[in-house]
Amino acid sequence: MRHSVNRPPTPDTRDDREKEPTLKEIISIKLIESGEKERLMELLRERLVESGWKDEMKALCREYIKKKGRNNVTIDDLVHVITPKGRASIPDPIKAELLQRIRTFLVSATPL
Amino acid sequence: MSAPNEDNVSQPQLSLHVFYELLDSIIIDLASECHRVAKLGLDRNLEEEEEELRLSAQARASVADPGNSSETNGKYIVDIFGQTHPPVATEIFECMNCGRSIMAGRFAPHLEKCMGKGRKARLKATRSSTAQNRYTRASSASNSPYSNPTSTSRQPNGSSGVAGHEYSNGSLEEL
């Protein structure tokens, strides 16, 4: 029962948390709330499948799994295998298209 | 339009940040899917491919090898899987018509004889089904010269109620 005496009263922490959300956070919330994040994800997913990027990444995974043995692989391993190659091998037009859409959204979401 | 240096993040950087965030989610999904398939052993091709690669390399080697005589190897031809087939099919099974054990390669000629194309088979068939008719006609033909001169006249259609009764076994009973 002692520690309840030392525990800071709850209202204080709530105050702390409401201090100035970063721009990133604001944008993130706006993206999600408006549904734009979902749309962007679906668009990106579709483009990546069409271009064969997804299949290439899957092949990378399978090679890695074959090498390491299928029971020795964690999801973390796979993420670390794919991320550098994945980021680098995105076709430019797809990247441009998505960036354009994101920019448009940002412009509309942060009027200044 | 662009938020100037707020939180040290410029606008284009922000776009990139959002983009990479999306990409990371997709990558995690993909990794998770591959991981699941691997753990559950759903990807049957994982080990099959190696096996097939090995077999195809093997096959290619044996084809390229001039020491391996292909079509002139006695009477057996080796196909790409390394199997040989004898020129006449040798599997033995039972004929559904006569019940004999027949070799597969000889089944067609056997069926011909068994089911009625050949001379002997046809005789066999006709003899059994038309046996009665032939016999009757033959015996009645031989009887008629004898019966006509006598008083008993026999109708050719056998409907004689007057004198003789014609029995199915061909014998004519004269009254």
Side-chain angles (χ1 to χ4, degrees), chain A residues 20-28 31 36-38 40-45 48-49 53-54 57-66 68-83 85-87 90 94-96 98-108 110-112, chain B residues 1-65 79-83:
Chain A
E20 298 173 28
T22 64
L23 184 59
K24 281 190 191 169
E25 287 174 351
I26 298 178
I27 296 290
S28 186
L31 269 173
E36 186 66 13
K37 185 167 189 194
E38 190 73 34
L40 289 170
M41 271 259 256
E42 282 317 303
L43 178 62
L44 184 55
R45 245 192 267 262
L48 290 177
V49 168
W53 178 94
K54 185 174 181 189
M57 295 302 118
K58 265 184 149 182
L60 277 180
C61 283
R62 286 170 69 213
E63 274 176 38
Y64 182 79
I65 293 172
K66 232 191 271 189
K68 253 211 156 188
R70 52 173 249 255
N71 289 316
N72 305 335
V73 178
T74 66
I75 295 189
D76 221 30
D77 287 344
L78 292 176
V79 169
H80 285 124
V81 165
I82 299 184
T83 300
K85 271 246 176 124
R87 284 195 176 192
I90 298 241
I94 297 182
K95 195 169 180 183
L98 266 293
L99 284 175
Q100 178 60 44
R101 272 192 70 153
I102 295 173
R103 230 173 283 141
T104 315
F105 176 81
L106 288 179
V107 160
S108 68
T110 59
L112 251 177
Chain B
M1 269 206 194
S2 53
N5 293 340
E6 216 184 313
D7 286 5
N8 302 336
V9 179
S10 63
Q11 222 256 21
Q13 273 186 21
L14 205 50
S15 306
L16 262 183
H17 168 81
V18 171
F19 178 71
Y20 282 131
E21 209 180 279
L22 294 173
L23 193 58
D24 280 343
S25 295
I26 293 182
I27 287 178
I28 291 178
D29 281 349
L30 192 51
S32 147
E33 193 183 315
C34 286
H35 179 265
R36 171 181 173 267
V37 165
K39 281 293 164 116
L40 295 181
L42 294 179
D43 189 6
R44 261 177 286 135
N45 290 338
L46 205 57
E47 275 114 75
E48 266 180 24
E49 263 179 28
E50 298 175 0
E51 188 66 22
E52 265 188 67
L53 280 173
R54 209 167 41 81
L55 281 177
S56 70
Q58 228 176 38
R60 234 177 290 147
S62 62
V63 166
D65 184 1
D79 70 16
I80 60 172
F81 298 113
Q83 296 173 334

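Everything numeric here is computed off the predicted structure, so don't read it as measured data. The sequence lines fix the lettering, A, B, ..., with proteins before strands; numbering per chain opens at 1.
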Colleague: I need the A:Met41 CE to B:Leu23 CG distance, nearest 0.5 Å.
Modeller: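 If I round to the nearest 0.5 Å, the distance is 10.0 Å.
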Colleague: Can you list the residues that meet the side chain to side chain contact (heavy atoms under 4.5 Å, CB included) rule with A:Glu38, with sequence neighbours excluded?
Modeller: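 Scan of A:Glu38 (side chain to side chain contact (heavy atoms under 4.5 Å, CB included), adjacent residues dropped) gives A:Glu42.
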Colleague: Provide the closest heavy-atom pair for B:Ser15 versus A:Arg103 in the form atom of the first, atom of the second, distance.
Modeller: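 For B:Ser15 versus A:Arg103, the nearest heavy atoms are OG-CG, 3.8 Å.
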Colleague: Which bit of A:Arg101 is near chain B, if near means a heavy-atom gap under 4.5 Å: side chain, backbone, both or neither?
Modeller: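 Neither the backbone nor the side chain of A:Arg101 comes within 4.5 Å of chain B.
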Colleague: Let me confirm one number: the CD1-OG1 distance from B:Ile28 to A:Thr83, rounded to the nearest 0.5 Å.
Modeller: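 One finds 8.0 Å between CD1 of B:Ile28 and OG1 of A:Thr83.
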Colleague: Looking at B:Leu22, B:Asp29, B:Asp24, which one has more heavy-atom pairs under 4.5 Å with chain A than the rest?
Modeller: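 The option with the most such pairs is B:Leu22.
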Colleague: Specify which of A:Met57, A:Arg87, A:Gln100 makes the most heavy-atom pairs with chain B at under 4.5 Å.
Modeller: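 So the answer, after comparing A:Met57, A:Arg87, A:Gln100, is A:Arg87.
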Colleague: Heavy atoms only: give me the nearest A:Lys24-B:His17 pair and the separation to one decimal.
Modeller: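 It is CD-NE2, 3.8 Å.
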Colleague: Hey, is NZ on B:Lys39 packed in by over 12 heavy atoms from elsewhere, all under 6.0 Å?
Modeller: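 Yes, enclosed.
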Colleague: Which value, rounded to the nearest 0.5 Å, describes the distance between A:Leu48 atom CG and B:Ile27 atom CD1?
Modeller: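 Rounded to the nearest 0.5 Å, the CG-CD1 separation comes out at 9.0 Å.
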Colleague: Where does A:Ile27 contact chain B at under 4.5 Å (heavy atoms): side chain, backbone, both or neither?
Modeller: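 A:Ile27 touches chain B through side-chain heavy atoms alone.
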Colleague: Would you list the atom pairs, donor with acceptor, under 3.5 Å between side chains in residues 30-37 of chain B and any protein atom, with sequence neighbours excluded?
Modeller:
{"from": "B:Glu33", "atom 1": "OE2", "to": "A:Lys58", "atom 2": "NZ", "distance (Å)": "3.3"}
{"from": "B:His35", "atom 1": "NE2", "to": "A:Val73", "atom 2": "O", "distance (Å)": "3.2"}

Colleague: Using 0.5 Å steps for rounding, measure from the OH atom of B:Tyr20 to the NZ atom of A:Lys95.
Modeller: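 The OH atom of B:Tyr20 sits 3.5 Å away from the NZ atom of A:Lys95.
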